[in-house]
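Every chain is numbered from 1 and lettered A, B, ... according to where its sequence line falls, protein lines coming before strand lines.
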Amino acid sequence: MGTDDTLGKLELELRRGVLVLATLSQLRQPRYGYALRQALGEHGLPIEEGTLYPLLRRLEAQGVLQSEWRTEDGPPRRYYVLNSAGRALLKQLAATWQGMNLAMDRLLEDEDTK
Amino acid sequence: MNANEVIEAYIRDVAVHLPLAQRDDVARELRALLAEELQARAESEGVAADADLAVALARGFGRPAEVAARYHGPSHLIDPADTPLFLQSTCIGLAVIWVAGLLGHLSDGVDEAHGGWLGLAGQWWTHTAIPSLWWPGALLACFALAAWIRRRWPARAEWTPRAPDHIPGGRGLLALGLAGVLLGLFVLAEPTRLLDMMLGGGAAPEAYRALTYAPEFRRFLGPLVWLLVALNVPLILAAIVTGRWSARLRGANVVLSLVFCAAAAWVVLDGPVFLAAQSDQLLKPLLVLIVAVTLLGLAVKWYRRVQPVPR
């Protein structure tokens, strides 16, 4: 492996790859941006705010999330939740991820046993 | 500025880059999110939620234009894959234009009455360097159009196999090139024929003089240049007949191009070509440009060569 800088960049690439799936997984129930970031962080996947908040809008524009402003729990907040297309997408992406995960486990095990 | 004003300033700078339809809504959401982030960070660090912390938060969020770009996904004029080619084309094209312009100004001589070398540099800057910016502009338009076409009709951008000896543009284009070479040979043999063709022999005597070869040129260099141009005819004919640029034909073409460049350089450095000096002042810079473009073309081909099999 090269320098720490290279490792950092490669790790960032890996995290980018799972960003959408991680976000969708936490939006089976309505959440607003900051709470979602907290939830992801608590699960060991901290995501920069400058990346996460625009992503929510893009996913909504792609038709997999729906959102609404709510004011009953404090200051006005925009809540996001999966719609039916989002739920279907999450199911498909989760299956793909699990398949990749198994494949990677096998690949890394092969490497370890050599 | 207090923390609130810092956040408001940041939101304004982000929102101004967003499409009008989503500007206010995103700004409203950002305001709520940044306020919450600021408060949480102040609590976790045990400091006051002041302007300094707000600036640090905003900077961590990203440059406003970049943040706005993240809201509507990636957008670019030139495909990232085309960027190296765009940069190469821009640099090479500008270098050719600048060098050709410099040679053109040098051929006019350094006039001490107009500032000497400094005046010449000024002339080059205003008449060559600044106007040369059309080149990157034109390239940008072409690359952007190509990228748009690829996105609009992806099937057209699919890779298709192409033999290394294929004829770019096909036989039709090559036949057109052959016709051009033959016409060029006809005119090169006696340039005054051009006047006869265009004006039916009614041109002024000065015009005939302007296109009449100097005796020294007619003796040796003229026939040599004509012969070198004429040697293109069998090469092109062979490519048309066989339907491909074979390795042998390509090699012969490279040798012929290099010899032609040498002969053209000789013409530029040698004595007069035409009886009228003004004609030479037009022709010689043109020859320099032709040599530069030819050598550049050969250099690009050499640079782009690929040999998957080790020698």
Side-chain angles (χ1 to χ4, degrees), chain A residues 8-9 12-13 15-24 26-27 30-81 86 89, chain B residues 3-4 6-45 49 53-76 80-81 151:
Chain A
K9 282 179 183 168
L12 191 65
E13 288 290 318
R15 292 163 70 85
R16 274 190 193 141
V18 298
L19 200 59
V20 169
L21 179 56
T23 302
L24 294 179
Q26 296 303 299
L27 289 176
R31 280 197 163 102
Y32 63 97
Y34 180 72
L36 172 62
R37 202 165 86 82
Q38 294 291 100
L40 289 167
E42 283 164 11
H43 283 86
L45 199 73
I47 295 176
E48 286 176 3
E49 57 269 48
T51 303
L52 180 63
Y53 301 154
L55 173 67
L56 292 171
R57 288 285 178 149
R58 291 208 307 276
L59 290 170
E60 187 184 20
Q62 287 167 13
V64 294
L65 295 183
Q66 61 191 53
S67 70
E68 62 175 353
W69 282 97
R70 290 187 189 173
T71 53
E72 59 265 33
D73 301 328
R77 288 164 175 151
R78 196 180 182 100
Y79 279 73
Y80 295 85
V81 68
L89 179 67
Chain B
N4 203 35
V6 169
I7 288 177
E8 288 301 319
Y10 183 74
I11 290 167
R12 269 200 312 275
D13 285 352
V14 172
V16 78
H17 294 288
L18 291 167
L20 201 57
Q22 63 174 169
R23 194 173 291 170
D24 292 341
D25 199 43
V26 169
R28 186 183 176 200
E29 186 183 17
L30 258 185
R31 181 183 294 119
L33 291 168
L34 286 174
E36 219 148 353
E37 291 279 356
L38 182 68
Q39 205 53 47
R41 188 178 285 196
E43 283 170 15
S44 71
E45 293 178 13
L53 197 64
V55 169
L57 176 70
R59 285 180 178 158
F61 209 84
R63 196 166 65 87
E66 285 173 10
V67 173
R70 286 179 212 147
Y71 272 91
H72 43 75
S75 61
H76 41 255
R151 283 194 292 270

| query | Do the side-chain N and O atoms of Glu29(B) and Tyr32(A) include a donor-acceptor pair separated by under 3.5 angstrom? | reply | no
| Mind checking what makes side chain to side chain contact (heavy atoms under 4.5 Å, CB included) contact with Val16(B), not counting sequence neighbours? | none
| Can you tell me how far the CZ atom of Phe61(B) sits from the OH atom of Tyr53(A), to the nearest 0.5 Å? | 6.5 Å
Less than 3.5 Å apart, which donor and acceptor atoms pair up between the side chains of residues 20-27 of chain B and the rest of the protein, not counting sequence neighbours?
{"residue": "Arg23(B)", "atom": "NE", "partner": "Ala15(B)", "partner atom": "O", "Å": "3.1"}
{"residue": "Arg23(B)", "atom": "NE", "partner": "Leu18(B)", "partner atom": "O", "Å": "3.2"}
{"residue": "Arg23(B)", "atom": "NH2", "partner": "Leu18(B)", "partner atom": "O", "Å": "2.9"}
{"residue": "Asp25(B)", "atom": "OD1", "partner": "Trp69(A)", "partner atom": "NE1", "Å": "3.0"}
{"residue": "Asp25(B)", "atom": "OD1", "partner": "Arg78(A)", "partner atom": "NH1", "Å": "3.1"}
{"residue": "Asp25(B)", "atom": "OD2", "partner": "Arg57(A)", "partner atom": "NH1", "Å": "3.1"}
{"residue": "Asp25(B)", "atom": "OD2", "partner": "Arg57(A)", "partner atom": "NH2", "Å": "3.1"}
{"residue": "Asp25(B)", "atom": "OD2", "partner": "Arg78(A)", "partner atom": "NH1", "Å": "2.3"}
{"residue": "Asp25(B)", "atom": "OD2", "partner": "Arg78(A)", "partner atom": "NH2", "Å": "3.3"}

| message | Would you say CD of Glu48(A) has more than 12 non-hydrogen atoms from neighbouring residues, nucleotides or ligands within 6.0 angstrom? | response | no
| request: Count the heavy atoms belonging to other residues, nucleotides or ligands that lie under 6.0 Å from CZ of Arg59(B), then report whether that count exceeds 12. | output: no
| remark: In terms of heavy-atom contacts, Pro54(A) and Val67(B) come closest through CG-O, 4.3 Å
| request: Taking salt bridge (charged side-chain N to carboxylate O under 4.0 Å, His left out) as the test, write out the residues that go with Arg41(B), two or more places apart. | output: Glu49(A)
| note | Between the CZ atom in Arg70(B) and the OG1 atom in Thr51(A), the distance rounded to the nearest 0.5 Å is 5.0 Å
| Part of Ala40(B) lying under 4.5 Å from any heavy atom of chain A | both
| task | Identify which part of Arg28(B) has an atom lying under 4.5 Å from any heavy atom of chain A, answering side chain, backbone, both or neither. | result | both
| Given that the side chain runs from C-beta out, which part of Pro76(A) has a heavy atom under 4.5 Å from chain B: side chain, backbone, both or neither? | both
| said: I need the contact set between residues 34-42 of chain A and chain B: heavy-atom distance under 4.5 Å, sorted by residue number. | reply: Tyr34(A), Arg37(A)
